[in-house]
Amino acid sequence: MLTVENWNDLPGGFHPASAPDYLPLPQLRDLQLRRLKAVVHRAYEHVELFRSRMQERNLTPADIRSLDDIRHLPFTEKSDLRDTYPFGLFASPMQEIVRLHASSGTTGKPIVVAYTREDLEVWASVMVRTFAACGLHRGDIIQNAYGYGLFTGGLGAHYGAETLGATVIPISGGNTDRQVMVMKDFGVTAICCTPSYFIHLMEYAADHGINLKDLPLRAGIFGAEPWTDSMRRRIEAEAGIKAYDIYGLSEIIGPGVATECSCQDGLTIFEDHFYPEIVNPATGEPCPDGVEGELVLTTLSKKAMPIIRYRTHDITAFKTEPCPCGRTLRRINRISRRSDDMFIIRGVNVFPSQVETALLSVEGTLPHYQIILTREKGLDQMEVQVEVTAAIFSDKVRSLESVQRKLADAVEHVLGIRVAVRLVEPQTIERSQGKAKRVIDKRNL
Ligand code: DLL
């Protein structure tokens with residue numbers, strides 16, 4: 001029988017905090033509706049922007065009677081957070097806010113997000129559920145290489161791991177030689193970082209004669225940026241670990257919005273706290289299950305900064321079946337792209353993840369690439385630069401040419417157009433310590 005004393009010995013990393021993952025659906029929907037009503041009330045009473053948008057639509061919180069009624073509520077956009085910078089969307093007085101984080105956009109001011117003590121407890125609990133779903137438990141030694149600071153990754157994973165009862169190493173991002181030393185000397189069993197940074201760590205370890213397969217490391221909790229299943233396979237094969245995908249965003253809470261479980265087939269959304277919708281990005285209308293659209297999230301329990309119907313710009317689809325592990329919460333496909341990641345080359349819509357899948361299908365490529373966009377005589381041009389192994393590079397010109405042709409073919413197969421592919425030597429492309437920069441857009445320089 002499951003007790004608080006023995007959960008740690010159970011397979012699958014169950015933790016008492018994970019109980020809501022298995023709620024019977026009628027109970028879950030009832031909980032969601034109660035929380036939705038409360039959060040709409042709170043936002044209406046305390047957030048001017050939300051109240052005025054409701055009033056424009058002649059809506060009051062009393063109009064929310066069912067979960068379906070959510071579709072009458074106004075969307076929230078990232079620009080709303082920018083326009084009300086820094087504290088305009090807060091629903092709690094400063095005396096109750098115990099933490100601020102910020103996410104730097106590519107331009108201008110960051111967006112600021114706030115947490116009450118209760119919000120931090122919810123955040124830690126969803127991170128506990130994340131780690132447990134990935135099979136981690138008390139006794140694990142977790143190297144937390146997400147950046148500590150204004151970024152939500154570091155502290156979000158930190159408190160989750162501590163609450164789980166694991167041993168946390170708060171190493172933050174960067175300082176790769178120390179990361180590898182700690183991983184080896186401290187007997188690290190799980191690591192948290194971006195997938196691109198882990199690839200950099202694997203490479204550094206290999207260059208220094210350390211085989212990660214010889215270490216106790218068994219799991220990676222990777223997120224904060226899009227990555228593909230091909231990338232997962234490379235990581236798992238080379239490092240001998242299980243690589244799990246975790247998803248989140250600052251505006252909603254940080255990491256801990258959704259996670260893979262040991263089934264590694266889609267991400268379970270912690271929908272008792274974050275109500276998900278998937279909508280057609282052009283019309284805002286709901287997409288049927290299995291059809292791709294934009295993920296829209298509503299925080300159901302956030303106090304300091306409730307966010308209603310946030311347009312994430314992340315593209316995914318609901319899975320049609322519940323997870324075989326018994327979790328009742330809805331699952332989404334891995335988020336491989338953002339609607340604003342897309343660029344158009346010769347009339348064709350291109351997403352970086354499509355290029356990644358094509359590149360990694362060819363033997364001899366390394367998982368380091370960049371897409372360079374330029375404009376020549378008014379036409380957009382795309383060049384893919386990809387690292388190949390030193391063996392290929394030092395080989396005869398013919399083998400280089402053959403790999404280059406295979407890569408151009410693979411990209412053409414996916415995109416339907418032929419683009420320039422340039423092979424570069426190992427270590428040429430800049431390594432990231434956090435989110436990788438895959439596209440360098442020089443079109444407006
Ligand atoms: O990246 C929070 C986080 C930290 C998530 C650590 C996971 C691990 P932001 O900096 O606000 O927050 O960026 C959020 O990153 O809208 C997605 O576009 C992208 N993203 C996050 N996780 C994934 C993922 C953190 N697993 C934005 N797959 C989101 C694809 C992801 N994209």
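Atoms within each ligand, like the ligands themselves, are counted from 1 in listed order.
Of the candidates S250, A224, C193, G254, A224 brings a heavy atom nearest to atom 7 (C) of ligand 1. Considering only non-hydrogen atoms, atom 16 (O) of ligand 1 lies nearest to D314 out of I246, I315, D314, T316.
The distance between the ring centers of Y148 and H158 falls below 6.0 angstrom. Checked against the 6.0 Å centroid criterion, the rings of Y204 and H208 qualify as a close aromatic pair.
Distance from atom 25 (C) of ligand 1 to its nearest protein heavy atom, with residue and atom name: G248 O, 3.6 Å. The protein atom (non-hydrogen) at minimum distance from atom 28 (N) of ligand 1 is E225 O, 3.3 Å. Residue, atom and distance of the protein heavy atom nearest to atom 13 (O) of ligand 1 are K435 NZ, 2.9 Å.
With a heavy-atom cut-off of 4.0 Å, T152 touches ligand 1 through its side chain alone.
Within ligand 1, counting atoms from 1 as listed, the ones closer than 4.0 Å to a heavy atom of I335 are 28 (N), 30 (C). Heavy-atom contacts of D245 reach the following atoms of ligand 1: 24 (C), 26 (N) (cutoff under 4.0 Å). Of all atoms in ligand 1, numbered sequentially from 1 with element shown, those under 4.0 Å from a heavy atom of G153 are 4 (C), 6 (C).
Between E292 and T316, the side chains place no donor N or O within less than 3.5 Å of an acceptor N or O (distance only, hydrogens not considered). Residues Q264 and Y244 have side chains that never bring a donor and an acceptor to within less than 3.5 angstrom of each other.
With I241 as the partner, the side-chain contact (heavy atoms from CB on, under 4.5 Å) test is satisfied by one option alone out of L212, I235, L215: I235.
Both cation-pi conditions hold for R334 and W227: the charged atom is under 6.0 angstrom from the six-membered ring centre and inside a 45 degree cone around its axis.
At least one donor-acceptor pair closer than 3.5 Å links the side chain of K302 to the backbone N or O of I252.
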